[in-house]
Amino acid sequence: MKDADTKDRQFATTLASGIDLLLCFHPGESSLANKDFAQRTGLSKPTVARLTHTLALLGYLRRDPASARYRLGAAVLGLGHPLLASMRIRPIARPMMETLAREIEGAVSLGLRHRIHMVYVETARSSEDFVLTPDIGAPLPMLATAIGRAWLARAAPEERLSVLNQIRVAAPAEFERHAAAAELAREELARDGFCSARADWQPNRHGFAVPLHGLVDGMQFVLNCAVATRRGSFAQMRREAAPRLLTLAHSIELSLGLR
């Protein structure tokens, strides 16, 4: 809710607060208490208690009576399925992504921006070695990842500045460490057609990303791949994997009529 215009008279603050509660869960966290929600959102404890009670009644949260902690409910999955099912890019891109994942012995994913993160909507892996690669729906940092840098490099100046300002406020450590690399990514995209991350986020993997030309159903998709550092040096993977990813992006664009 922090990046929304809360001065807008049409803005439903209570609804936004409830959504913010659902977004409090981090990967690997099975449950949260009301005090956790309050700390992460800045909302008062009475407000949090009302919201968690309502969300539990609606099925978006599940309350454990013994611990008084909340887990995400099945209704959350119901929200995501219609969106994923309606993305015409996924069935087109998936077979080609699987082929490239096998060729580079890595992972190939397709993502979108959500607030100050990137979120995968499709992913293909060459083997179980990449089981730890973030799955569909998992948030990824913008500045430390190739996919986030590629989105920023392609974004319109005003939107890009807005997102960078949000990151500066919400994640100052990430901003200080990676802002310069994200700025260089604009030059890299203009020069080479892709952006890279040299084991910046996951120390055992290099990443490369390509923003698709044109919007698909009104959304800016970014294609990325991850390769294990044990496969070769960053320079070697940049020569071998990145051009293949760029070719894959062009093939997807042609299939969607973007070129």
Side-chain angles (χ1 to χ4, degrees), residues 1-8 10-45 47-48 51-52 55 60-61 70 72 76 79-80 83 109 111-121 133-186 189 195 197-203 207 209 211 219-222 224:
M1 190 173 66
K2 293 178 181 179
D3 59 339
D5 184 3
T6 53
K7 296 180 181 179
D8 185 348
Q10 298 298 315
F11 187 83
T13 303
T14 302
L15 174 60
S17 297
I19 293 174
D20 280 345
L21 255 64
L22 296 177
L23 294 173
C24 281
F25 288 86
H26 299 161
E29 290 181 332
S30 60
S31 66
L32 295 175
N34 278 345
K35 66 177 181 179
D36 300 318
F37 291 119
Q39 290 173 354
R40 294 183 184 184
T41 62
L43 298 171
S44 68
K45 292 181 179 179
T47 297
V48 167
L51 290 172
T52 53
L55 290 168
Y60 293 100
L61 291 176
Y70 291 88
L72 288 173
V76 175
L79 285 176
L83 173 63
S109 302
L112 296 168
R113 180 183 75 92
H114 172 62
R115 295 189 176 182
I116 61 171
H117 296 93
M118 296 299 292
V119 179
Y120 285 159
V121 299
T133 296
D135 209 340
I136 293 175
L140 291 83
M142 292 284 293
L143 299 181
T145 60
I147 190 171
R149 293 172 184 176
W151 185 92
L152 287 167
R154 176 55 56 81
E158 183 177 347
E159 188 175 20
R160 180 177 182 276
L161 181 60
S162 174
V163 173
L164 287 173
N165 286 335
Q166 292 169 42
I167 297 172
R168 183 186 289 111
V169 173
E174 178 191 353
F175 185 87
E176 182 177 355
R177 182 177 180 183
H178 298 294
E183 184 65 28
L184 291 175
R186 298 175 65 191
L189 180 64
C195 297
R198 187 172 186 168
D200 290 327
W201 180 46
Q202 295 179 322
M219 296 176 285
Q220 175 64 68
F221 286 89
V222 182
N224 88 320

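Predicted model only: the values in this text are computed from it and were never measured.
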Next item on the list: Taking only Lys NZ, Arg NE, NH1 and NH2, and the carboxylate oxygens of Asp or Glu, determine whether R154 and E159 approach each other closer than 4.0 Å.
Entry: no
Checklist line | Candidate list R149, H178, R177, test side-chain hydrogen bond (donor to acceptor under 3.5 Å, both in side chains), partner D200, passing option | finding: R149
Item checked: Distance (rounded to the nearest 0.5 Å) between N165 CG and R160 CZ -> 10.5 Å
Next item on the list: Compare every heavy atom of S30 with every heavy atom of F25, then report the nearest pair and how far apart it is.
Entry: CE2-O, 4.3 Å
Check: Is there a side-chain contact between I147 and S109, using heavy atoms and a 4.5 Å cut-off?
Finding: no
Note to self: To the nearest 0.5 Å, what is the distance between OG1 on T14 and CD1 on I19?
What the structure shows: 11.0 Å
Next item on the list: For the residue pair L140 and Y120, establish whether any side-chain heavy-atom pair is separated by less than 4.5 Å.
Entry: yes
Margin query: Is there a side-chain contact between L112 and F221 in this structure, where contact means two heavy atoms from C-beta onward sitting under 4.5 Å apart?
Written below: yes
Margin query: So which atom in L21 and which in T52 form the shortest heavy-atom distance, rounded to 0.1 Å?
Written below: CD2-CG2, 3.6 Å
Checklist line | Exam field: side chain R168 to backbone A170, donor-acceptor pair closer than 3.5 Å | finding: no
Notebook entry, point to check: For L55 and G18, which heavy atoms make the closest approach, and how far apart are they?
Noted result: CD1-O, 3.7 Å
Checklist line | E174 (side chain) donor-acceptor with L143 (main chain) under 3.5 angstrom | finding: yes
Notebook entry, point to check: Can you tell me if CD on E176 sees more than 12 non-hydrogen neighbours from other groups inside 6.0 Å?
Noted result: no
Check: How many angstroms lie between NE2 in H117 and CD1 in I167, if you round to the nearest 0.5 Å?
Finding: 8.5 Å
Next item on the list: Return yes if a side-chain donor-acceptor contact under 3.5 Å exists between Q166 and S162, otherwise no.
Entry: yes
Item checked: Under 3.5 Å: donor-acceptor pair, side chain of R186, backbone of A153 -> no
Checklist line | R113 CZ to L152 CG distance, which is reported to the nearest 0.5 Å | finding: 8.5 Å
Next item on the list: Please report the shortest heavy-atom distance between A146 and A197, naming the atom on each side.
Entry: N-CB, 3.5 Å
Margin query: Checking D36 against Y70: is there a side-chain donor and acceptor pair closer than 3.5 Å?
Written below: no
Check: Do D20 and T41 get their side chains close enough for a donor-acceptor pair, meaning under 3.5 Å?
Finding: no
Checklist line | Heavy-atom closest pair, residues V119 and P139 | finding: CG2-CA, 4.5 Å
Checklist line | F11 versus A16, closest heavy-atom pair with distance | finding: CZ-CB, 3.6 Å
Margin query: When you compare the side chain of M219 with that of V121, does any pair of heavy atoms fall below 4.5 Å?
Written below: no
